[in-house]
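Please read all numbers here as calculations on a predicted model, not as lab measurements. Letters A, B, ... mirror the listed sequences (proteins, then strands); counts begin at 1.
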Number of protein chains: 2
Amino acid sequence: MQEPTFLILTALAAQPLHGYGIIQSVITLSEGEVKLRPGTLYGALDRLAEQGLIEVEREEAVEGRLRRYYRLTDDGASALATEAERLRRRAAAAEAQLKDRAVPGFGHRAPGVA
Amino acid sequence: MQEPTFLILTALAAQPLHGYGIIQSVITLSEGEVKLRPGTLYGALDRLAEQGLIEVEREEAVEGRLRRYYRLTDDGASALATEAERLRRRAAAAEAQLKDRAVPGFGHRAPGVA
DNA sequence: ACGTCATATAACGTCAACCGTACTATCCGG
DNA sequence: CCGGATAGTACGGTTGACGTTATATGACGT
């Protein structure tokens, strides 16, 4: 699962949102790092709905414009939880390996050995 | 950055490895979840070397077979550290949002409000 | 009145990256 | 002699994200 997809699921985890609301939420959640483009968002939304991770909650017509609200399904929630867990383990593994990084000019032994 | 790429950098963080060694290391680091295929590995290796995140440390000929050892550069190490940090924040955001998840049959108020 | 921005979705085409598979080659064990 | 582990190369396919453009309306400024 890619970052944009992960962040869309994250945005929908707390409450149902429509497309544009997801874009705003993702900006907040990613601390401004990720600004979804329409092409990325609606493509991902279609894929996620097909996979059953999200579903259309309702369609609202506000001032002539259609608002389609998406909701995370139970499958989507558990997929997101699994993925979050995976990310934490990957980050921990990387940080552990970096700690073992060979220090230049330091005779190297097995890690953790004095 | 994708998962295979991240795991390759992780594998190289502790010490230089050759292609096949990276495959083995990634299996261990990912607890058996990720088994790199040659196409994925060598493609990623070329890309990472081009970006300056890894470099060839040395080439060894062992019993007629070439072994190319790759090493993480300083740039690569900081890119990996940055990415690990990002993963931890993404995981934390997802878990926080999931905690706010609307419980069906529970009148919902602002999160954290009694 | 007109332009522009924010809201809101759809529909392109493109590209990077990963994936599977097959191929080459050597050494070892059965 | 064959299969499996080791080690790397080559190639084609698919997915998913990306950028851009089009469409539509309301609000705001000039």
Side-chain angles (χ1 to χ4, degrees), chain A residues 1-12 16-30 33-70 76 79-80 83 86 90, chain B residues 1-12 16-28 30 32-54 56-70 76 79 83 86 90:
Chain A
M1 186 186 299
Q2 239 107 350
E3 203 186 21
T5 303
F6 181 81
L7 285 166
I8 290 169
L9 291 183
T10 298
L12 292 175
L17 290 171
H18 56 123
Y20 211 83
I22 294 173
I23 293 179
Q24 308 304 324
S25 177
V26 164
I27 291 173
T28 306
L29 287 168
S30 68
E33 280 171 37
V34 179
K35 288 180 223 280
L36 259 26
R37 316 283 164 165
T40 304
L41 175 68
Y42 293 105
L45 250 21
D46 288 347
R47 260 177 275 123
L48 289 169
E50 217 172 300
Q51 292 165 30
L53 302 187
I54 64 173
E55 60 191 8
V56 177
E57 194 207 26
R58 67 182 190 278
E59 287 179 345
E60 224 177 72
V62 178
E63 290 156 0
R65 281 191 295 270
L66 182 69
R67 272 189 193 170
R68 188 137 48 216
Y69 282 79
Y70 292 89
L80 179 58
E83 191 65 19
R86 174 208 283 276
R90 295 285 178 270
Chain B
M1 186 187 299
Q2 241 107 351
E3 203 187 20
T5 303
F6 180 81
L7 285 165
I8 290 167
L9 292 183
T10 299
L12 292 176
L17 290 171
H18 57 126
Y20 211 84
I22 294 172
I23 293 179
Q24 307 304 325
S25 178
V26 164
I27 291 173
T28 305
S30 68
E33 280 171 37
V34 180
K35 288 180 221 282
L36 259 27
R37 315 286 162 157
T40 305
L41 175 67
Y42 294 105
L45 250 21
D46 288 348
R47 259 177 276 124
L48 290 170
E50 217 172 300
Q51 292 165 29
L53 302 187
I54 63 173
V56 176
E57 195 206 26
R58 67 182 191 280
E59 286 178 347
E60 224 177 71
V62 178
E63 289 158 1
R65 283 191 294 271
L66 182 70
R67 272 187 193 170
R68 190 138 45 216
Y69 281 81
Y70 292 90
E83 190 65 19
R86 173 208 283 275
R90 294 289 177 267

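The separation between B:R58 atom CZ and D:dA7 atom P is 12 Å, rounded to whole Å. Regarding B:D46, its CG atom lies at a distance of 14 Å from the C1' atom of D:dC11, rounded to whole Å. Rounded to an integer number of Å, the gap from CG of B:L66 to C1' of D:dT6 is 13 Å. Distance NE2 (A:H18) to C1' (C:dT7): 9 Å, rounded to an integer number of Å. In this structure, A:L45 places its CG atom 12 Å from C1' of C:dA10, rounding to the nearest Å. Between A:L41 atom CG and C:dT7 atom P there is a gap of 14 Å when expressed in whole angstrom units. Rounded to an integer number of Å, the gap from CD1 of B:I22 to C1' of D:dT9 is 15 Å. Rounded to an integer number of Å, the gap from A:Q24 CD to C:dA6 P is 10 Å.
A:Y42 has a side-chain polar atom (N or O) that falls below the 4.0 Å cut-off from OP1 or OP2 of C:dT9. In this model, the phosphate group of D:dA24 is not approached by any side-chain N or O of A:R67 to a distance below 4.0 Å at OP1 or OP2.
Annotation for B:E50: atom CD does not count as buried by contact number, only 12 or fewer foreign heavy atoms lying within 6.0 Å. Enclosure of atom CZ in A:R37 is not indicated, since only 12 or fewer non-hydrogen atoms of other residues, nucleotides or ligands lie within 6.0 angstrom.
Under the side-chain contact (heavy atoms from CB on, under 4.5 Å) test applied with B:L12, the options B:L53, B:I22, B:L7 reduce to a single match, B:I22.
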Could I get a table of every N or O pair under 3.5 Å where one atom is in the protein and the other is in nucleotides 16-19 of chain D?
unit_1	atom_1	unit_2	atom_2	d
D:dA17	OP1	A:T5	OG1	2.3
D:dA17	OP2	A:T5	OG1	3.3
D:dA17	OP2	A:R47	NH1	2.2
D:dA17	OP2	A:R47	NH2	3.0
D:dC18	OP2	A:T40	OG1	3.0
D:dG19	OP2	A:R37	NE	3.1

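Side chain of B:S25 to main chain of B:G21: no donor-acceptor pair is present (N/O by atom type, distance under 3.5 Å, no hydrogens or angles). A distance-only check finds no donor-acceptor pair linking the side chain of B:T40 to the backbone of B:L36 [under 3.5 Å].
Under 4.0 Å is where a charged nitrogen must lie from a carboxylate oxygen, and between A:R90 and B:E83 no such pair does.
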